[in-house]
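Keep in mind that this is a model prediction, so the values were computed, not measured. Throughout, a chain's letter reflects where its sequence line sits, starting with A, and its residues are numbered from 1.
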There are 2 protein chains.
Amino acid sequence: MAADKKITITDVAAAAGVSVSTVSLVLSGKGRISAATGVRVNDAIEKLGFVRNRQAAALRGGHSGVIGLIVRDLNHPFYAQLTTGLTEALESRGYMLFLTQSGQQGQYMMRCFDTLLAQGVDGIVVAGAAGQGAELDQTARLRNVPLVYASRASYLDDVDMIRPDNTQAAHMLTGHLISKGHQRIAWLGGLSSSLTRAERLGGFCSTLIQHGLPFHPEWIIECGSSQCQASEAMINLLHHNPTISAVVCHNSTVAAGAWFGLLRAGRHSGERGLNSLYEQQIALAGFAEVPEAALDDLPLTWVTTPGRDVGRMAAMRLLQRVEDNTLEPRSHVLAAKLVTRSA
Amino acid sequence: MAADKKITITDVAAAAGVSVSTVSLVLSGKGRISAATGVRVNDAIEKLGFVRNRQAAALRGGHSGVIGLIVRDLNHPFYAQLTTGLTEALESRGYMLFLTQSGQQGQYMMRCFDTLLAQGVDGIVVAGAAGQGAELDQTARLRNVPLVYASRASYLDDVDMIRPDNTQAAHMLTGHLISKGHQRIAWLGGLSSSLTRAERLGGFCSTLIQHGLPFHPEWIIECGSSQCQASEAMINLLHHNPTISAVVCHNSTVAAGAWFGLLRAGRHSGERGLNSLYEQQIALAGFAEVPEAALDDLPLTWVTTPGRDVGRMAAMRLLQRVEDNTLEPRSHVLAAKLVTRSA
DNA sequence: CTGAAAGCGCTAACAC
DNA sequence: GTGTTAGCGCTTTCAG
């Protein structure tokens with residue numbers, strides 16, 4: 001129901017007593033329009049409650065003012081942050097965002113890509129690719145649509161890419177522990193299939209080696225991201241390797257679980273031959289994707305993962321390419337920041 | 001650079017030796033097309049790598065196949081879940097999602113709304129409105145675009161709305177504690193400005209009263225959502241009200257903080273005149289917006305907040321309205337589920 | 001400075 | 001079953 005009177009540029013033109021092209025020029029602020037006409041047109045727009053149909057504008061004009069995002073999983077705090085940074089940067093420049101999710105394994109990646117193409121987006125950001133790089137890239141080039149990768153988990157030359165510096169982050173975190181006097185440091189969490197984890201582990205190991213510290217494969221523990229699993233793994237780790245003095249955790253859930261594990265190990269000292277000093281002795285450090293407030297009471301030193309900045313930078317870079325898609329691709333790496341806690 | 005040859009429906013028609021309308025019919029699967037032609041057309045599409053320009057289709061056909069989402073804050077896990085549920089449901093039905101963020105206080109709400117309208121969306125979901133209901137509603141009606149509220153924090157009659165049942169959730173949680181024998185139950189967390197909190201507190205209080213249990217305003221503690229603040233508040237609460245036996249936490253961060261507070265209070269028993277039995281005595285319960293894995297090692301009983309389902313239902317409802325916008329508005333309330341933990 | 005006219009790529013009546 | 005044709009609402013030369 002409702003009269004549903006769609007007001008078009010033609011109605012505005014009639015009301016203002018000018019031609020449609022004049023209205024169009026006023027809307028886009030292009031041609032040299034006399035102040036008087038400008039006002040008349042704007043009044044008419046106001047009075048009629050006209051809103052310009054951007055689909056039609058895009059069809060004719062070529063630019064849609066829309067960019068597409070293919071994100072791996074919005075429920076992961078890192079990608080949520082990234083998406084927020086992206087929308088902020090885009091909206092401030094008058095662009096809109098199409099959101100699609102490629103799924104954990106990237107199973108819907110190509111479908112998302114095609115849909116976005118069909119919608120006539122001016123560019124695409126892929127956040128968290130899982131290996132489909134080559135195909136995406138080829139299609140994007142073919143159709144001449146700018147493509148920027150944000151935090152992708154696989155490598156490809158000659159593409160634009162913004163990502164967090166996982167190696168540096170791990171390096172900082174490990175270096176911090178070492179500077180505090182820790183010599184026997186373990187790694188807890190993440191699945192071996194994760195490339196992010198691989199990068200972080202790389203930074204971890206190289207820092208140990210660099211300092212001449214022992215590096216034992218048994219001290220690298222794989223575990224799922226639940227508090228329970230982390231807690232169990234922690235207890236187990238300490239049981240078999242009582243000399244460990246610090247643990248680096250792959251993410252915040254693992255860190256929380258590790259802390260609970262420590263507490264339990266402390267409590268169970270009698271039965272297990274562990275002593276209650278664990279709580280004090282073992283230092284915890286980790287990577288934090290979540291807002292800091294969610295962690296600030298844990299005795300944990302962490303490095304931030306700059307999701308929001310990755311999103312913002314990706315937006316900037318993509319818009320540059322929208323202007324000029326002949327730009328040389330380049331890779332941009334964002335450093336993490338260390339937040340120290342005194343346990 | 002790039003040949004940038006846009007292939008249109010006309011090219012396909014030529015390649016397949018048919019007319020454009022035939023191609024259009026094949027694309028939309030509408031008219032009665034002979035199997036043979038169908039194949040020929042599809043081959044041509046395949047060969048040329050044609051992708052249909054949906055902007056043009058929308059311009060002409062009236063339906064864009066796009067729905068808009070105005071979400072308060074993607075970084076809040078509840079809204080992230082909601083958004084995921086929404087995209088899932090929409091994508092499975094061939095719709096796309098425009099994402100906009102209205103900001104914590106809804107300061108960009110109207111701008112988002114207008115932008116979405118200009119983009120020609122078929123409908124709009126507002127997730128987490130903060131009071132602009134009336135204006136939104138009026139505009140939506142005027143322009144005859146379906147509008148569905150998801151989890152809005154203010155009330156308005158005569159609108160479609162999907163939301164979690166905060167009252168029932170609080171009722172279940174409180175009832176559970178009471179059934180476990182708790183009589184002196186406190187509330188921790190949230191800001192008094194939050195309507196979600198108000199609803200939950202309503203369920204909390206009414207359940208207490210219903211069971212003839214004491215209800216003290218001093219047992220309702222307001223605090224920000226950081227572990228630190230929650231931990232402090234918890235310690236403080238127990239210090240002044242040592243007889244409390246259970247605490248309901250407004251969200252998962254507060255719950256974690258409360259737990260740490262308990263531990264600390266236990267440790268500081270000597271100095272503060274509290275006894276170390278707190279850890280065992282005090283039961284913790286709360287509302288969980290985060291994935292369960294992030295909480296599963298806390299001695300916490302929680303109720304889920306069904307963000308994903310709210311998103312899915314909102315999508316379903318909106319698509320119904322897209323079909324027929326004369327439907328009677330109705331409010332749909334989603335119950336929470338209780339997850340019991342034995343501490 | 002402003003208007004007239006030619007489409008952007010596609011769909012929806014109608015013809016055949 | 002398939003082709004013809006007339007636009008959807010807007011931008012954009014190109015004349016005045």
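- A salt bridge does not link B/K47 with B/D43: every distance from a Lys NZ or Arg NE/NH1/NH2 to an Asp or Glu carboxylate oxygen is 4.0 Å or more.
- Summarising the geometry, the separation between CZ on B/R32 and C1' on D/dG3 is reported as 12 Å, rounded to the nearest angstrom.
- Listed for the A/T305 side chain is no donor-acceptor partner under 3.5 Å among the backbone atoms of A/G307.
- Between A/T37 and C/dT2 there is a side-chain N or O to OP1 or OP2 distance below 4.0 Å.
- Note on A/S34: only backbone sugar-phosphate atoms sit closer than 4.0 angstrom, heavy atoms only; bases stay farther off.
- No hydrogens or angles considered: nothing links the side chains of A/S21 and A/S24 as a donor-acceptor pair under 3.5 Å.
- Residue-level contact check: B/V23 touches neither bases nor backbone, having no heavy atom under 4.0 Å from any strand.
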Filtered N/O pairs between nucleotides 8-10 of chain D and protein, under 3.5 Å:
from	atom 1	to	atom 2	distance (Å)
D/dC8	O2	B/R60	N	3.2
D/dG9	N2	A/A56	O	3.4
D/dC10	OP1	A/N53	N	3.1
D/dC10	OP2	A/I9	N	2.4

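- Each of B/I124, B/T115, B/L116, B/V71 was scored for a side-chain contact (heavy atoms from CB on, under 4.5 Å) with B/T100, with one residue passing: B/L116.
- Between the side chain of A/S21 and the base of C/dG3, at least one donor-acceptor pair of N or O atoms lies under 3.5 Å.
- Dashed line: the shortest gap from a side-chain N or O of B/K30 to OP1 or OP2 of C/dT11 is not under 4.0 Å.
- Within the nucleic acid shown, B/S28 has no heavy atom closer than 4.0 Å to any nucleic acid atom.
- Between A/Q119 atom CD and C/dC10 atom P there is a gap of 13 Å when expressed in whole angstrom units.
- A salt bridge links B/R312 with B/D309; the closest basic N to acidic carboxylate O contact falls under 4.0 Å.
- In the interface, the side chain of A/S19 is not paired with the base of C/dA4 through any donor and acceptor atom under 3.5 Å apart.
- Side-chain N/O atoms of A/R141 and A/Q138 include no donor and acceptor closer than 3.5 Å.
- Atom CG of B/L25 and atom C1' of C/dC10 are 12 Å apart (whole Å).
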